[in-house]
Amino acid sequence: MQFEVKAKYDVIIVGSGISGLICAIELSKAGKAVCLLSKEAITEGSSIYAQGGIAIPLDSSDSVEKHLEDTLKAGAGLSNIEVAKEIISSSNSSYEKLISYGVKFDTSTGSKPHLTKEAAHSYARVCHAGGDATGRFVIKTLIDRVCRDPNISIAQGTMVISILKDNAGAACGVLVEDITKDKFAMFADDVIVASGGAGQLFELTTNPKVSTGDGIVMAHRIGACLQDVEMIQFHPTVLIEENKDPLLITEAIRGEGARLRNTKGDYFAHNYHKDGELAPRDILARAILNEIKKTDSKFVYLDVSNFTEDYFKSRFPTIYEACLERKIDLFNLGIPVAPAAHYFIGGIQCEVTGKTNVSNLWAVGECASSGFHGANRLASNSLLECIVVPHILAREIVKRNERAVEAGFKPAGTKPAPNQESKLENCISLNIDDSSFDENEIKCQVKELQKRNLISLGLLRNEKTIINHLKYLETLSEKYKVEKLSSNSQAQEFKNMIYLSVLISKAAWLRKESLGVHYREDFPGIAMDKKHSIFALDDSLTYKSESTENPLVKAS
């Protein structure tokens with residue numbers, strides 16, 4: 001089936017979060033014509049909900065080496081040391097870049113940024129904006145800048161159905177469905193996937209509705225390797241109430257003294273880890289789940305009675321207002337919290353530059369997996385990655401193109417003009433499933449998938465439940481012809497969710513050990529040889545060992 005080609009750009013960016021926006025800004029500065037694609041409104045994505053802040057060693061008592069040590073310790077031995085070192089070493093310059101864009105960070109005395117401490121950090125190094133609204137403040141500033149840039153086109157309400165590749169196997173554009181349900185292709189020299197995570201695979205999640213793992217699946221369908229997809233981080237403290245969207249409760253509250261108490265009134269965090277409320281997220285989330293089971297409850301309380309109401313209101317305004325609206329008895333009972341799916345640590349395997357194994361295809365942000373986060377992401381390192389890597393990626397694209405021009409060649413991704421229809425067939429070859437699907441049926445099936453994923457692929461995993469889950473997913477895959485692209489965007493989104501659920505299940509089943517966020521009840525022992533799981537295009541799973549060399553030696 002052929003599709004009309006409506007546009008040609010230098011770079012197409014799939015996703016409009018912080019990573020995608022910075023990529024667009026920096027590539028535009030280099031004179032690139034950029035198109036930014038957003039599945040819903042440009043403001044709708046995980047970035048805007050990021051509360052805590054950005055982990056950067058800004059204080060004089062802190063250092064790149066100390067931040068690196070905390071990152072690697074949280075990563076449980078699966079972090080790529082060189083990647084982590086490069087990202088953290090670039091943190092200060094990227095912070096200054098955000099300020100130059102117009103982002104105003106909260107300050108303490110004078111012009112010094114206010115820094116707070118979060119779980120598994122040995123120093124207060126998390127800077128923030130708007131109290132507990134860092135993501136929203138950063139996103140607003142970046143969107144304002146992007147919207148005024150003549151080199152950047154923005155397509156909202158435009159879902160990417162497939163990434164396209166040419167005869168040489170290089171990414172060459174995208175097939176999209178716009179808000180009017182019109183489907184067409186767009187060409188580009190480079191395609192950047194910045195589509196975020198996949199929290200919507202689970203019944204309980206902090207992620208917005210758009211986070212269904214589309215970019216990860218689309219990249220894999222054209223040959224991109226996936227890494228560590230079984231590594232899914234659950235945030236320990238999420239306010240969960242019936243008939244209301246889960247509300248993330250930032251770790252910074254615990255960093256400033258709030259304590260966890262079960263429904264019987266017992267403080268329990270120090271029973272599970274010496275750092276108590278500031279233990280690594282995977283340990284604390286499992287501790288909370290255990291207390292919930294022990295007390296036959298649905299939550300534990302986050303006791304915030306150490307704060308005065310005035311301070312809490314000014315420091316955490318978003319959470320304060322939300323708790324008031326939900327009639328939460330903040331300073332007596334506390335905030336009822338439980339773990340929920342939060343961050344997709346695995347994703348599209350790439351270098352620190354964002355380069356994947358597919359020519360002209362790049363990945364950045366939550367959908368990418370460079371090894372930075374290892375097996376358990378250190379708090380607020382996600383936004384750090386989001387503000388650092390886009391600069392490295394943009395420089396790499398510009399350098400590569402400059403080298404090609406100097407050598408007398410066009411960039412590897414140059415495509416025929418849209419009016420050359422004779423060549424269009426060679427660039428786009430899609431196996432389209434034109435089956436009709438009932439909208440309500442898909443909605444029901446999505447809810448069932450989310451529920452089952454939470455049971456089988458949540459905080460506690462075991463072989464029996466995963467194998468049974470794989471049988472269910474196999475039936476679902478056959479019914480909805482997951483291997484084929486759909487002409488219906490809603491159906492395609494569901495197919496992506498099934499496809500990724502299968503890969504996560506296989507990787508979780510075959511990793512017969514516990515490591516970081518991947519906890520096997522039947523294999524609680526942690527292996528000495530830390531290995532990344534790698535899915536190739538044929539879905540064969542291999543493992544790659546991570547270096548165990550002393551990071552402090554490399555960092556010194």
Side-chain angles (χ1 to χ4, degrees), residues 47-56 58-59 61-62 95 98-99 102-119 121 123-141 206 235-241 244-263 265-270 275-279 284 288 299-338 340 379-380 383:
S47 292
I48 200 168
Y49 299 103
Q51 295 176 352
I54 310 172
I56 304 174
L58 294 171
D59 192 80
S61 64
D62 200 0
Y95 168 77
L98 278 183
I99 293 173
V103 177
K104 294 187 183 343
F105 287 94
D106 298 336
T107 57
S108 50
T109 55
S111 59
K112 285 189 175 183
H114 181 273
L115 302 174
T116 194
K117 191 175 182 182
E118 293 187 357
H121 286 276
Y123 290 83
R125 63 167 66 99
V126 180
C127 58
H128 48 87
D132 56 358
T134 305
R136 187 167 77 245
F137 273 56
V138 173
I139 280 283
K140 182 181 183 304
T141 302
T206 61
H235 198 287
T237 54
V238 178
L239 173 55
I240 296 170
E241 295 180 290
K244 292 183 180 178
D245 289 336
L247 175 68
L248 175 67
I249 304 298
T250 176
E251 205 154 84
I253 294 178
R254 284 181 279 123
E256 296 188 25
R259 299 181 66 193
L260 290 164
R261 186 184 72 242
N262 65 27
T263 52
D266 302 321
Y267 296 101
F268 60 85
H270 281 279
D275 293 332
E277 278 76 9
L278 294 183
L284 194 62
I288 291 171
F299 53 81
V300 298
Y301 287 108
L302 182 62
D303 185 339
V304 299
S305 59
N306 63 302
F307 297 102
T308 65
E309 185 168 359
D310 285 344
Y311 179 83
F312 193 92
K313 182 179 180 180
S314 63
R315 175 66 181 86
F316 307 108
T318 305
I319 292 170
Y320 179 80
E321 291 298 329
C323 286
L324 281 187
E325 184 182 327
R326 298 184 186 211
K327 296 181 171 52
I328 301 297
D329 189 355
L330 259 178
F331 300 99
N332 291 314
L333 279 177
I335 306 171
V337 295
S380 292
L383 285 191

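Given the structure is predicted, the values throughout are model-derived calculations rather than measurements.
Every pair passing salt bridge (charged side-chain N to carboxylate O under 4.0 Å, His left out) that includes a residue from residues 312-324 is listed here, sequence neighbours excluded: E256-R315.
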Evaluation steps, ring pair (Phe, Tyr, Trp, His ring centres under 6.0 Å), between F105 and Y95: CA-CA 10 Å; F105 287 94; Y95 168 77; 4.9 Å; yes
Can you list the steps and then say if D303 with R261 is a salt bridge (charged side-chain N to carboxylate O under 4.0 Å, His left out)? CA-CA 7 Å; D303 185 339; R261 186 184 72 242; 3.1 Å; yes
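Of all non-hydrogen atoms in G52 and H128, the two that sit nearest each other are O-CB, 3.4 Å. Closest non-hydrogen pair, F137 versus T141, comes out as O-OG1, 3.0 Å. When all heavy atoms are compared, the tightest approach of P317 to G130 is CG-O, 3.7 Å. Counting all heavy atoms, side chain and backbone alike, L284 lies closest to A279 at CB-O, 4.4 Å. T263 approaches Y301 most closely through the heavy-atom pair CG2-CE1, 4.2 Å. Shortest non-hydrogen contact noted between T134 and G53 is OG1-CA, 3.5 Å.
Residues satisfying the ring pair (Phe, Tyr, Trp, His ring centres under 6.0 Å) criterion with F268, sequence neighbours excluded, are absent altogether.
A ring-centre distance under 6.0 Å is not found for Y320 and F316.
Within a 6.0 Å sphere centred on NZ of K112, heavy atoms belonging to other residues, nucleotides or ligands number 12 at most.
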